[in-house]
Amino acid sequence: MTDEQSTPKRRFPAADIARVSVFAALIAVLGLPGALNVFGDAVPITLQTLGVMLAGAILGTWRSALAVTVLLVLVAAGLPLLAGGRGGLGVFTGPSAGFLLGWLPGAALTGWIVERGGRAPGTLRLVIACLAGGVGVVYLCGIPVQALVTGLSLGKTALLSAAFLPGDLAKAALASIVARGTQRAYPDAVPAVHRERLRAGG
Ligand SMILES: O=C(O)CCCC[C@@H]1SC[C@@H]2NC(=O)N[C@@H]21
């Protein structure tokens with residue numbers, strides 16, 4: 001019997017715990033440059049969305065969702081891990097709460113598209129994934145909550161959120177380039193389901 005046959009497969013190997021922790025930490029570190037508040041106190045421009053896209057694109061669906069969950073739990077517990085050194089339960093009732101919570105499904109969808117979505121070749125699939133998850137889903141969760149909390153109309157809030165687009169498009173492009181480089185340099189670091197596609201040239 002080989003070692004592989006005799007050792008029971010762990011549901012969550014140490015390497016995955018390490019990857020999830022590293023990306024939760026990366027999202028936190030990307031908050032260090034600070035928050036740019038273009039609408040007074042409402043929703044800041046932050047580099048942390050780059051970390052969310054990178055987590056989805058490199059870790060895949062479940063691991064990226066877990067990385068964002070770890071970050072959000074630490075934030076809820078009061079750690080000042082959001083851009084500008086914010087944390088605590090209050091941020092989940094503020095104008096940016098929907099965006100913040102949207103990071104979770106946003107990262108997961110990014111990962112899902114990278115792992116399983118469509119037939120688009122590697123880099124294009126990464127760009128589509130980052131745009132759909134890291135921008136589309138995050139805005140879909142964020143804009144209605146911001147409208148509700150601020151009392152502005154949905155249309156006005158959506159219009160205001162257009163200010164995030166140039167930065168978020170640049171982050172999606174950067175995340176795709178970095179993720180593609182990571183896939184090539186460390187094929188064993190990407191989720192198994194996606195590794196098969198990479199081997200097949202996807
Ligand atoms: O720090 C927070 O309270 C959450 C910030 C959410 C920022 C949103 S995410 C999408 C959009 N892009 C940005 O750079 N900022 C907003």
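Nothing fancy with the numbering, it's 1 onward along the sequence. In listed order, ligands and their atoms are each counted from 1.
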A.B. asks: Could you measure the distance from the CG atom of L30 to the CD1 atom of I27? Nearest 0.5 Å is fine.
C.D. replies: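 One gets 8.0 Å once the value is rounded to the nearest 0.5 Å.
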A.B. asks: Report, one line per pair, each donor and acceptor closer than 3.5 Å where one atom sits in a side chain of residues 66-94; sequence neighbours left out.
C.D. replies:
from : atom 1 : to  : atom 2 : distance (Å)
T69  : OG1    : A65 : O      : 2.6
R86  : NE     : A83 : O      : 3.1
R86  : NH2    : A83 : O      : 3.2
T93  : OG1    : G90 : O      : 2.9

A.B. asks: Atom 12 (N) of ligand 1: which protein heavy atom is closest, and how many Å away?
C.D. replies: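 Here the nearest protein heavy atom works out to D168 OD2, 2.9 Å.
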A.B. asks: Assess the residue pair Q146 and S161 against the criterion (side-chain contact (heavy atoms from CB on, under 4.5 Å)); give the C-alpha distance rounded to whole Å, side-chain angles, the decisive distance to 0.1 Å, and a yes or no.
C.D. replies: CA-CA 10 Å; Q146 186 185 350; S161 298; 3.8 Å; yes
A.B. asks: Less than 3.5 Å apart, any donor N or O on the side chain of T61 or E115 sitting next to an acceptor on the other?
C.D. replies: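 Side-chain D/A pair, T61 to E115: present.
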A.B. asks: Check ligand 1 against K171 and write out every atom of the ligand that is under 4.0 Å from a heavy-atom position of the residue.
C.D. replies: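 Counting atoms of ligand 1 from 1, those under 4.0 Å from K171 are 13 (C), 14 (O).
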A.B. asks: With heavy-atom distances below 4.0 Å as the criterion, list the atoms of ligand 1 near F99.
C.D. replies: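 Those qualifying, in numeric order: 6 (C), 8 (C), 9 (S), 10 (C).
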A.B. asks: Just jot down the ligand 1 atoms closer than 4.0 angstrom to any heavy atom of V43, in number order.
C.D. replies: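 Listed by number with element: 7 (C), 8 (C), 16 (C).
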A.B. asks: For the 3.5 Å polar cut-off, considering only N or O atoms, please tell me whether S96 and ligand 1 meet it.
C.D. replies: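 It does: an N or O of S96 is found under 3.5 Å from an N or O of ligand 1.
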A.B. asks: Report yes or no: does a heavy atom of P44 sit under 4.0 Å from some atom of ligand 1?
C.D. replies: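 The answer is yes: ligand 1 sits under 4.0 Å from a heavy atom of P44.
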A.B. asks: Which ligand 1 atoms does L100 reach within 4.0 Å, using its non-hydrogen atoms?
C.D. replies: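 Within the 4.0 Å cut-off of L100, ligand 1 contributes 4 (C).
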A.B. asks: I'd like to know if V91 contacts ligand 1, where contact means a heavy-atom distance under 4.0 Å to any ligand atom.
C.D. replies: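 No heavy atom of V91 comes that close to ligand 1.
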A.B. asks: Going by the atom numbers of ligand 1, which of them fall below 4.0 Å from some non-hydrogen atom of R86?
C.D. replies: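 Going through ligand 1 atom by atom, the ones under 4.0 Å from R86 are 1 (O), 2 (C), 3 (O).
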A.B. asks: Could you walk me through whether L169 and L131 pass the side-chain contact (heavy atoms from CB on, under 4.5 Å) test, one step at a time?
C.D. replies: CA-CA 7 Å; L169 294 181; L131 289 178; 3.5 Å; yes
A.B. asks: Under 4.0 Å, heavy atoms only, figure out whether ligand 1 is touched by the backbone of T46, its side chain, both or neither.
C.D. replies: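 The answer is both, backbone and side chain.
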A.B. asks: Determine, stepwise, if the pair V137 / W103 fulfils side-chain contact (heavy atoms from CB on, under 4.5 Å).
C.D. replies: CA-CA 8 Å; V137 168; W103 287 356; over 6 Å; no
A.B. asks: Starting from the C-alpha separation in whole Å, work towards a yes-or-no answer on side-chain contact (heavy atoms from CB on, under 4.5 Å) for F23 and R63.
C.D. replies: CA-CA 9 Å; F23 275 83; R63 292 169 188 83; over 6 Å; no
A.B. asks: Quick check: is V127 connected to V138 through a chain of hydrophobic side chains (ILVMFWY, heavy atoms under 4.5 Å apart)?
C.D. replies: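 Yes, V138 and V127 fall within the same hydrophobic cluster.
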A.B. asks: Only heavy atoms of T49, strictly under 4.0 Å: list the atoms of ligand 1 that pass.
C.D. replies: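 Per the distance check, 9 (S), 10 (C).
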